[in-house]
*Asks:* 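Quick one: the structure is below, questions incoming.
Keep in mind that this is a model prediction, so the values were computed, not measured. Order of listing sets the numbers, starting from 1, for every ligand and every atom in it.
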Amino acid sequence: MKLESLISGKWTAGAADGRSLVNPATGETVAHADASGLDLSGAMAFARDKGGAALRTMSFAERGALLKAVADVLTENRAKYEDIARINSGNTKVDASIDIDGGIGTLKYYSRLGKSLGEATTVLEAGQDQLAKEPVFFSRHLWTSRPGVALQINAFNFPSWGMWEKIAAATIAGVPSMAKPATATAWLSHEMMRDVDAANVVPAGVFNLVCGNGEGLLDALGPMDSVAFTGSADTGLTIRSHPVVLRSGARVTIEADSVNATILGPDVAPGDALFDLAVREVGKALSVKAGQLCTNIRRILVPKNHLDAFTEAVVATVSRFPVGDPVDEAVRVGPLVNKRQQQDALDGIARLGREARVLTGGAAPAELDGAGAFVAPTLLACSDPHNAELVHAVEVFGPCATVMPYDGIADAMKIAAMGGGSLAMSLFSNDADARLQTAGTLGPWHGRILMVDEETGRNHTGHSIVMPQCVHGGPGRAGGGEELGGLRGLRLHMQRSAIQGSPSAFAGLAERAAEAAL
Ligand code: NAP
């Protein structure tokens with residue numbers, strides 16, 4: 001099968017055979033994708049002109065209804081998506097659900113946000129400032145849809161969620177999307193977009209898809225366009241420094257990798273409920289999606305007196321997880337997405353090995369070492385995190401994390417910040433002071449901070465799971481980007497202008513605007 005691209009209102013194949021997509025459990029080729037020879041500049045113009053114009057005539061509520069219709073199409077076809085996620089991404093049912101249902105759930109959430117903004121097409125911020133002595137001249141802030149296209153480049157680990165979370169916010173904001181999934185797993189994005197297109201629920205040009213390497217998309221950017229990139233820090237740098245990106249003034253947001261930390265609080269000891277909850281969360285980090293989540297726990301900070309007990313509990317937990325082809329439903333840890341990622345992960349573990357000791361895993365399980373891209377759940381221990389560099393810098397994009405000791409909460413925070421800026425961190429603690437200090441001191445280093453205490457118990461959404469209500473992105477090496485976060489996700493796609501005028505000028509604007517805070 002050869003994947004096509006939905007551009008300029010038509011499904012179009014690239015000129016060459018292109019790259020192979022494989023089943024990572026067997027190494028078998030399952031599809032090809034190629035975008036060479038496509039008129040990508042024309043495709044961007046079509047999206048901008050046709051799709052953008054269509055969306056901007058719709059109210060927020062109508063755009064919300066459009067997303068709901070898309071979510072319904074995907075829900076109807078869900079069963080086959082699970083198969084594709086297994087065959088092309090090596091997903092277990094749980095892994096596939098995070099990607100597929102995460103995408104559908106985010107569409108539904110943004111659909112509701114669109115409905116809440118009603119029949120308006122612009123957003124007026126509450127409050128005004130008087131700018132003259134007499135009360136006849138004021139300023140207010142108005143958000144309007146940018147007449148551009150949102151170029152959305154995604155990583156291989158979320159072909160569904162990654163695509164839909166970006167499309168959802170752009171659509172409500174009134175901006176068409178040019179989605180560019182990572183080639184390795186583009187089959188699922190392709191199939192979903194085919195179903196949505198066939199259902200005829202979205203005007204032409206609103207959703208566009210490029211399957212293949214997409215060279216040339218960046219060259220077509222204009223001043224009203226944006227690029228939302230998710231992927232490795234290296235590719236992020238290439239995109240950020242692309243001459244057209246720099247020259248055009250297109251907005252850019254980068255969601256890159258990070259070496260996220262979790263902290264077992266200084267007040268938590270073996271036998272406590274929070275101790276077990278933290279072990280459980282680390283177990284998930286070493287199994288779910290075979291550790292291929294950008295928000296995954298990579299560093300585990302434990303009070304030094306409980307280090308042995310904690311590592312023993314984690315090793316005992318993960319050594320019970322069956323690793324293998326998810327065609328067997330008992331499997332808990334599937335393969336990485338392909339042999340290249342397996343090799344990258346094994347190379348990364350070898351690099352971490354210079355500063356840390358492998359406690360369990362560290363290689364492909366012997367019985368599976370062959371055509372499949374498996375890596376056993378791997379826990380390393382670094383005894384001197386203050387004098388280490390690699391454990392804070394190398395993201396092994398697989399089921400791998402490093403445990404390290406700390407001495408007091410201030411020390412834990414210092415070590416966590418050595419990651420240089422991360423997408424997510426978590427703290428398992430009932431200690432009010434530890435929580436306050438963590439939020440205040442580690443806030444600038446993190447896009448999201450999960451605090452688990454006994455009151456919350458198991459009723460949390462997890463260290464790695466991105467909720468559409470919360471901002472996603474992180475400072476520093478995590479790319480400095482921000483997506484989602486409810487209505488905040490619309491900011492990338494809308495322009496805020498200070499409008500200066502009389503009270504009657506504002507009355508006219510207010511009639512067509514929703515009053516909200518983005
Ligand atoms: P990647 O190699 O950086 O690729 C990401 C995307 O960029 C792919 O669609 C790729 O297309 C495209 N791309 C590559 N070179 C490009 C160029 N010169 N111009 C335009 N697009 C280009 O990352 P990956 O291997 O797919 O994903 C793994 C990484 O993503 C991990 O490091 C992970 O931490 C990170 N990640 C971050 C987040 C987040 O939200 N922060 C989420 C998921 C993953 P092709 O596939 O066609 O080459």
Side-chain angles (χ1 to χ4, degrees), residues 3 5 14 18-21 32-36 40 88-89 98-99 102 106 151-163 165-166 178-187 189-190 209-221 227-245 252-260 289-298 336-338 340-345 348 393-398 400 419 421-424 446-448 464-466 470-484:
L3 307 186
S5 297
R19 279 169 46 198
S20 321
L21 284 66
H32 287 90
D34 178 64
S36 60
L40 296 181
N88 185 205
S89 292
I98 294 172
D99 191 22
T106 303
L151 172 57
Q152 298 158 349
I153 303 174
N154 267 307
F156 70 77
N157 55 339
F158 283 109
S160 165
W161 174 80
M163 178 168 78
E165 61 98 3
K166 285 182 168 56
M178 176 67 70
K180 159 45 196 126
T183 303
T185 55
W187 181 11
S189 319
H190 180 268
L209 179 77
V210 170
C211 294
N213 89 0
E215 222 172 85
L217 284 168
L218 295 171
D219 295 321
L221 288 170
V227 188
F229 168 79
T230 296
S232 63
D234 286 347
T235 312
L237 182 64
T238 307
I239 286 171
R240 210 194 279 282
S241 52
H242 189 283
V244 178
V245 171
V252 179
T253 185
I254 305 275
E255 303 293 347
D257 52 36
S258 66
V259 189
N260 312 290
K289 280 187 80 68
Q292 299 166 110
L293 295 113
C294 52
T295 43
N296 224 26
I297 296 168
R298 304 287 172 203
L336 303 199
V337 77
N338 54 33
R340 206 196 89 197
Q341 285 299 319
Q342 181 199 38
Q343 194 53 54
D344 280 359
V394 176
E395 179 207 43
V396 174
F397 207 55
C400 175
S422 298
L423 295 166
H446 294 87
R448 178 165 58 84
S464 298
I465 299 298
V466 175
C470 305
V471 291
H472 171 57
R477 86 162 271 172
E482 191 180 283
E483 293 182 346
L484 298 173

*Asks:* Please work out, at 4.0 Å between heavy atoms, whether the side chain, the backbone, both, or neither of Phe158 comes within that distance of ligand 1.
*Replies:* neither

*Asks:* Among all protein heavy atoms, pick out the one at the shortest distance from atom 34 (O) of ligand 1; state its residue, atom name and that distance to 0.1 Å.
*Replies:* Glu395 OE2, 2.6 Å

*Asks:* Starting from atom 36 (N) of ligand 1, what is the nearest protein heavy atom, named by residue and atom, and what distance separates them?
*Replies:* Cys294 CB, 3.5 Å

*Asks:* Show the atoms of ligand 1 that are less than 4.0 angstrom away from any heavy atom in Asp257.
*Replies:* 32 (O), 34 (O)

*Asks:* Any nitrogen or oxygen of His472, main chain or side chain, under 3.5 Å from a nitrogen or oxygen of ligand 1?
*Replies:* yes

*Asks:* So, Asp234 versus Ser232: side-chain donor-acceptor pair below 3.5 Å or not?
*Replies:* no

*Asks:* May I ask you to identify the nearest protein heavy atom to atom 18 (N) of ligand 1, giving residue, atom name and distance to one decimal place in Å?
*Replies:* Thr238 CG2, 3.9 Å

*Asks:* For ligand 1, indicate whether the residue Leu423 contacts it via side chain, backbone, both or neither (heavy-atom separation under 4.0 Å).
*Replies:* side chain

*Asks:* Distance under 4.0 Å to a non-hydrogen atom of Gly212: what atoms of ligand 1 satisfy this?
*Replies:* 47 (O)

*Asks:* Which part of Pro181 is near ligand 1, with near meaning a heavy atom under 4.0 Å away: side chain, backbone, both or neither?
*Replies:* backbone

*Asks:* Pick one: which of Lys180, Lys166, Glu255 meets side-chain hydrogen bond (donor to acceptor under 3.5 Å, both in side chains) with Asn154?
*Replies:* Lys166

*Asks:* Hey, could you give me the CG/OG distance between Asn338 and Ser89, rounded to the nearest 0.5 Å?
*Replies:* 10.0 Å

*Asks:* Look up atom CD1 in Ile465 and atom OG1 in Thr295, then write down how far apart they are to the nearest 0.5 Å.
*Replies:* 7.0 Å

*Asks:* Please work out, at 4.0 Å between heavy atoms, whether the side chain, the backbone, both, or neither of Phe397 comes within that distance of ligand 1.
*Replies:* side chain

*Asks:* Test your reading of the structure: does Phe156 have an N or O sitting under 3.5 Å from an N or O of ligand 1?
*Replies:* yes

*Asks:* Going by the atom numbers of ligand 1, which of them fall below 4.0 Å from some non-hydrogen atom of Asn213?
*Replies:* 47 (O)

*Asks:* Minimum heavy-atom separation for Glu395 to Val259, with atom names?
*Replies:* N-CG2, 4.2 Å

*Asks:* I need the nearest protein heavy-atom contact for atom 6 (C) of ligand 1: residue, atom name and distance, please.
*Replies:* Asn154 O, 3.2 Å

*Asks:* Ligand 1 versus Asn157, non-hydrogen atoms closer than 4.0 Å: side chain, backbone, both, neither?
*Replies:* side chain

*Asks:* Verify whether one side chain among Asn296 and Ser464 offers a donor that lies under 3.5 Å from an acceptor in the other.
*Replies:* yes

*Asks:* Are the side chains of Asn157 and Phe397 in touch, meaning some heavy atoms are under 4.5 Å apart?
*Replies:* yes

*Asks:* For ligand 1, which atoms, with element, lie under 4.0 Å from some heavy atom of Ala182?
*Replies:* 8 (C), 9 (O), 26 (O), 46 (O)

*Asks:* Under 3.5 Å between some N or O of ligand 1 and some N or O of Thr235?
*Replies:* yes

*Asks:* Looking only at heavy atoms, which two atoms of Trp187 and Leu21 are closest? And how far apart?
*Replies:* N-CD2, 3.6 Å

*Asks:* If you round to the nearest 0.5 Å, how far is OG of Ser258 from CZ of Arg477?
*Replies:* 7.0 Å

*Asks:* Which one of Asn260, Thr230, Asn296, Ile153 has a non-hydrogen atom at the shortest distance from atom 20 (C) of ligand 1?
*Replies:* Ile153

*Asks:* What is the closest protein heavy atom to atom 48 (O) of ligand 1, and at what distance does it sit?
*Replies:* Arg19 NH1, 3.3 Å

*Asks:* Quick check: closest heavy atoms across Ser189 and Pro159, and the distance to 0.1 Å?
*Replies:* OG-O, 2.9 Å

*Asks:* When you measure from atom 10 (C) of ligand 1 to every protein heavy atom, which one gives the shortest distance, and what is it?
*Replies:* Lys180 NZ, 4.0 Å

*Asks:* Is there side-chain contact between Val244 and Leu221, with at least one heavy-atom pair below 4.5 Å?
*Replies:* yes

*Asks:* In Å, rounded to the nearest 0.5 Å, how long is the span from CD1 of Ile153 to CD1 of Ile239?
*Replies:* 4.0 Å

*Asks:* Could you give the distance from CG (Asn213) to CG (Asp34), rounded to the nearest 0.5 Å?
*Replies:* 7.5 Å

*Asks:* Which of the listed options, Gly18, Ala256, Ala184, Ala33, holds the heavy atom that is closest to atom 41 (N) of ligand 1?
*Replies:* Ala256

*Asks:* Give me the residue, atom name and distance of the protein heavy atom closest to atom 23 (O) of ligand 1.
*Replies:* Ser232 N, 3.4 Å

*Asks:* Return the CD to OG distance between Glu165 and Ser160, rounded to the nearest 0.5 Å.
*Replies:* 10.5 Å

*Asks:* Judging by distance only, is a nitrogen or oxygen of Thr183 under 3.5 angstrom from one on ligand 1?
*Replies:* yes

*Asks:* Can you pull out the closest protein heavy atom to atom 35 (C) of ligand 1? Residue, atom name and distance to 0.1 Å, please.
*Replies:* Gly231 O, 3.3 Å

